[in-house]
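First listed ligand is number 1; within each ligand, the first listed atom is number 1.
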Amino acid sequence: MANSGREVRTFADLEALSQAAAESIVAIARESVQARGRFSIALAGGNTPKRTYELLGERHRDAIDWSRWQVLFGDERFVPKDDKRSNYRMARDALLAGTPIPVDNVHPIPTDTPTVGDAADAYDRTLRHVLADATQLAAIDLVLLGVGPDGHTASLFPGSPVLREVFRTVAAVHVTAAQIPQRITLTFPVLNAAARVIFLVAGAEKAKIVKSVLSDQAMVPAGMIRPTEGELIWLADRAAAALHPIGGAR
Ligand code: 6PG
C-alpha cells in the first residue's frame with residue numbers, strides 16, 4: 001500500500017486484470033454479506049469492466065449468493081436502455097442477464113424521464129432508498145470505476161461544476177466535449193463515502209493519465225477519488241501502467 005493510501009496492482013493484460021477483479025469482487029461480496037447480510041455494488045460503465053462482469057457469471061456463478069446483491073450504477077448516458085451506448089445494456093448483457101440477481105435488486109439509472117435532471121432526482125431517491133440505514137446513508141460496499149484519457153471518472157469530467165457538488169448524491173451532467181453530452185452520475189460525496197473503490201484501467205491510451213493521477217500530478221476527477229474511510233485500489237494492465245513506477249506485470 002503506497003503512502004498515498006491507495007493500492008496499485010498491475011497485470012499482464014486485460015484478461016489477467018479481469019480475472020483478478022472478479023476474484024476481488026467475489027471476496028468483497030462474501031465479506032459484506034457475512035458482516036451486513038447484503039452487498040451493495042456500483043457498476044462502472046465504458047468497455048474495460050465488461051470482461052470482469054462476464055467472468056463473474058462464467059467462473060463464479062455458484063460461489064456467490066446473488067440474492068444478497070444490490071446493484072447500482074456509477075453513471076449513465078442519457079440514452080434508452082437498449083441503446084448500445086447504454087451502460088445498463090452493457091452490464092445487462094455481460095452480467096445481469098446471466099446471473100440470478102433478483103430484478104428488484106438491480107437499480108438502473110432511469111433514462112426514460114422527461115429531462116436528464118429528472119433522471120438524477122429519481123436516482124437520488126433510489127439511492128437513498130437502497131442505502132437507507134438507521135440514521136444516515138450507508139456506504140456503498142464497492143464502487144467500480146474507470147478513467148478516461150482526460151481523467152474523467154464515472155461522468156465526472158474535468159471542469160464540470162458537478163465536481164464541486166457537496167450535497168447531492170446524484171447529478172445531471174452536460175458535457176459538450178463528450179460523445180454523449182447528457183449524463184447522470186454519482187457525485188464525490190457518495191463515491192468517497194464508499195467502503196471500497198476499485199479502478200479498472202487498461203490500454204496504452206491510458207498510460208499518461210494513469211501516471212499523472214498516481215503520481216498526484218494532475219488534479220483531475222479520477223485523482224479526486226479519495227475514499228474518506230474506505231480503501232482505494234487501482235487494477236491496471238501493463239500497457240496502462242507502463243509509465244507508472246511499478247509498471248511491472250504479474
Ligand atoms: C462512461 C463511464 C466512464 C468510463 C471511462 C473509461 O459512462 O463512459 O462510466 O467513466 O469508465 O470513460 O471508459 P473505457 O473503459 O471504455 O475506457
Salt bridge between [X] and [Y], side-chain N to carboxylate O under 4.0 Å?
{"X": "Asp121", "Y": "Arg168", "result": "yes"}
{"X": "Asp82", "Y": "Arg89", "result": "no"}
{"X": "Arg128", "Y": "Asp124", "result": "yes"}
{"X": "Asp65", "Y": "Arg30", "result": "no"}

Do me a favour and list the nearest non-hydrogen protein atom to [atom] with residue, atom name and distance?
{"atom": "atom 15 (O) of ligand 1", "answer": "Thr48 OG1, 2.6 Å"}
{"atom": "atom 16 (O) of ligand 1", "answer": "Asn47 N, 2.8 Å"}
{"atom": "atom 17 (O) of ligand 1", "answer": "Lys206 NZ, 2.6 Å"}
{"atom": "atom 6 (C) of ligand 1", "answer": "Val147 O, 3.5 Å"}
{"atom": "atom 13 (O) of ligand 1", "answer": "Gly46 CA, 3.9 Å"}
{"atom": "atom 8 (O) of ligand 1", "answer": "Arg77 NH2, 2.7 Å"}
{"atom": "atom 2 (C) of ligand 1", "answer": "Asp75 OD2, 3.6 Å"}
{"atom": "atom 5 (C) of ligand 1", "answer": "His152 NE2, 3.4 Å"}

Practice task
Give a yes/no on ligand 1: does Arg183 have at least one heavy atom closer than 4.0 angstrom to it?
Solution key: yes
Handout entry: Glu205 to ligand 1, any heavy atom closer than 4.0 Å
Key = no
Practice task
Could you say whether the N/O atoms of Thr153 and ligand 1 ever approach to under 3.5 Å?
Solution key: no
Exercise for the section: Supply the atom-to-atom distance Leu186 CG to Leu156 CG, rounded to the nearest 0.5 angstrom. Expected result: 8.5 Å
Practice task
First locate atom OG of Ser24, then atom CD1 of Ile233, and finally report the distance between them rounded to the nearest 0.5 Å.
Solution key: 6.5 Å
Handout entry: Interfacing atoms of ligand 1 (cut-off 4.0 Å, heavy-atom, Asn87)
Key = 1 (C), 7 (O)
Fill in the blank from the handout: For Gly45, the ligand 1 atoms with a heavy-atom partner under 4.0 Å come out as 2 (C), 9 (O), 11 (O)
Practice task
Might you confirm whether atom CZ of Arg38 has over 12 heavy atoms from other residues, nucleotides or ligands at distances under 6.0 Å?
Solution key: yes
Practice task
Check the surroundings of atom NZ in Lys81: do more than 12 heavy atoms from other residues, nucleotides or ligands lie under 6.0 Å from it?
Solution key: yes
Handout entry: The one among Ala240, Ala154, Gly146, Ser155 that brings a heavy atom closest to atom 3 (C) of ligand 1
Key = Ala154
Completion exercise
Nearest heavy-atom contact between Thr111 and Val79 is OG1-O, 2.9 Å
